[in-house]
Amino acid sequence: MGNPIINVENVSKSYGGVKANMNISMKVEAGSITGIIGPNGCGKTTLFNSIVGYHAIDSGSIKFDNQEISKLWVGDIARLGLLRTFQQTRIYNKMNCVDNMQISISHRKGSASKMFASRKGEIKDRAEHLLEFVGLYSKRNLISGDLSFGQQKLLEFAMALMNEPKVLLLDEPTAGINPTLINGLIDRLRKANEELGITLCVIEHNMRVIMNLASDIYCLSNGKMLASGKPSELQNDERVIDAYLGGH
């Protein structure tokens, strides 16, 4: 890695007697799309939660843009430009799409209410622009709870983009989405990376998606780092194949 914006070194996290992550090390290069794969329960989401500050790690180091963040609160980490999305969408189901976009700023940024009042028109314009970017402009005035699950995931993605992140962690972005919509989502992830300059780190179970999307991939198994490398390398790695097909 030439210029890691995220540097995870020997991170461990346990819940009671369950060792969710054990001495995990990985790097995410600035400007890249990095993938994280592994069977269910292997510790991928725990690692994401550790990186963005949802819980304290037991040991190790997490640096973002050369700053140690492992002891920072989740809100402070978000303000540095590191955000995540979730497997299950976190949107405001009774609000329309534009309102979801606008409230996402005040929800994530401290003392944003004053800024919102002074820049309301500008914020709405940005919200509509990003809804167009993810393909939801025609749905902008619809109640978000009436959207399909795939459209809700696109909305949550757009809500994250409202905060102009340097890095966005996406937890299984294609899970539960109609297969006909997946290619469109992949295209928008690539556009966010290439046109908006956002570094992406993606947990994904769909091997076709991650092998075509990511430049570097890490594979976890049983809370440990099993393998890492280019997609072509991991596709032929017997350890990775066994972790998926053997159920370890």
Side-chain angles (χ1 to χ4, degrees), residues 1-6 26-38 44-45 47-48 51-52 64-65 78 81-91 97 100-101 104 126-140 147-219 228-235 240:
M1 294 290 182
N3 183 27
I5 194 166
I6 296 177
M26 63 171 285
K27 295 179 180 180
V28 176
E29 186 176 359
S32 72
I33 301 178
T34 299
I36 300 178
I37 63 173
K44 304 184 298 297
T45 296
L47 180 60
F48 263 22
I51 291 171
V52 299
F64 176 64
D65 214 6
L82 176 56
L83 298 175
R84 67 160 296 181
T85 64
F86 297 84
Q87 292 178 30
Q88 298 300 320
T89 57
R90 297 191 176 187
I91 61 175
C97 293
N100 264 271
M101 295 289 287
S104 69
R126 176 168 173 77
E128 292 185 342
H129 170 73
L130 287 172
L131 287 171
E132 183 174 17
F133 180 81
V134 301
L136 290 178
Y137 183 78
S138 64
K139 313 285 186 183
R140 64 191 182 281
L147 300 176
S148 71
F149 185 67
Q151 291 169 338
Q152 290 180 9
K153 283 206 165 186
L154 285 171
L155 175 60
E156 186 183 39
F157 177 46
M159 289 166 67
L161 296 181
M162 279 291 287
N163 294 275
E164 302 178 84
K166 294 179 182 178
V167 179
L168 184 57
L169 311 183
L170 298 125
D171 197 344
E172 298 194 34
T174 70
I177 293 182
N178 187 315
T180 60
L181 299 177
I182 288 178
N183 286 339
L185 174 60
I186 293 172
D187 288 343
R188 288 175 176 91
L189 293 179
R190 284 202 181 102
K191 284 179 65 178
N193 176 248
E194 295 170 1
E195 297 179 13
L196 303 182
I198 299 172
T199 301
L200 302 178
C201 186
V202 184
I203 291 175
E204 184 55 64
H205 271 294
N206 187 319
M207 295 297 283
R208 180 186 67 82
V209 168
I210 202 64
M211 291 297 171
N212 286 298
L213 185 63
S215 56
D216 292 276
I217 299 175
Y218 292 87
C219 180
S228 63
K230 301 297 180 183
S232 58
E233 295 170 335
L234 266 66
Q235 278 180 314
V240 176

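By convention here, the first residue in the shown sequence is residue 1. Values in this document were obtained by computation on a predicted structure and should not be read as measured data.
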(request) With side chain to side chain contact (heavy atoms under 4.5 Å, CB included) as the test, would you mind laying out the steps for Leu185 and Leu154 before giving the verdict? (result) CA-CA 8 Å; Leu185 174 60; Leu154 285 171; 3.6 Å; yes
(message) Nearest 0.5 angstrom please: Arg140 CZ to Met101 CE, how far?
(response) 12.5 Å
(message) Are Gln152 and Phe157 packed together at the side-chain level, in the sense that at least one heavy-atom pair is separated by less than 4.5 angstrom?
(response) no
(message) So, taking the atom named CD1 in Ile210 and the one named CG in Leu234, what distance separates them when rounded to the nearest 0.5 Å?
(response) 10.5 Å
(request) List the atom of Gly150, the atom of Ile177, and the distance in Å for their closest heavy-atom pair. (result) CA-CG1, 3.7 Å
(message) I need the Phe48 CZ to Ile203 CD1 distance, nearest 0.5 Å.
(response) 4.0 Å
(request) Kindly indicate whether the side chain of Leu47, heavy atoms from C-beta on, has any atom under 4.5 Å from the side chain of Met26. (result) yes
(request) Please examine the side chains of Lys139 and Leu147, heavy atoms only from C-beta on, and report whether any two atoms are closer than 4.5 Å. (result) yes
(request) Taking the side chain as every heavy atom from C-beta outward, state whether Asn163 and Ser104 have any pair of such atoms under 4.5 Å apart. (result) yes
(request) Determine whether Glu195 and Phe133 make a side-chain contact, defined as any pair of heavy atoms from C-beta on separated by less than 4.5 Å. (result) yes
(message) Rounded at 0.5 Å granularity, tell me how far OG in Ser148 sits from CD in Gln151.
(response) 3.5 Å
(request) Check whether any side-chain N or O of Thr199 sits under 3.5 Å from a backbone N or O of Gly31 as a donor-acceptor pair, and report yes or no. (result) yes
(request) Working to the nearest 0.5 Å, report the span between CG of Leu169 and CG of Leu200. (result) 9.0 Å
(request) For Glu204 and Thr174, test the side chains for any donor-to-acceptor distance below 3.5 angstrom and give the result as yes or no. (result) yes
(request) Determine yes or no for a side-chain-to-main-chain donor-acceptor pair under 3.5 angstrom, with Glu156 supplying the side chain and Lys153 the backbone. (result) no
(message) If only side-chain N and O atoms count, and only distance matters, is there a donor-acceptor pair under 3.5 Å linking Thr45 with Asp171?
(response) yes
(message) Is there a side-chain contact between Val134 and Leu155 in this structure, where contact means two heavy atoms from C-beta onward sitting under 4.5 Å apart?
(response) no
(request) Measure the shortest side-chain to side-chain distance between Thr34 and Glu29 over non-hydrogen atoms and say whether it is less than 4.5 angstrom. (result) no
(message) I want to check something: taking the side chain as every heavy atom from C-beta on, are Ile198 and Asn193 in contact at a cut-off of under 4.5 Å?
(response) no
(request) Measure the CD1-SG distance between Ile37 and Cys219 for me, rounded to the nearest 0.5 Å. (result) 4.0 Å
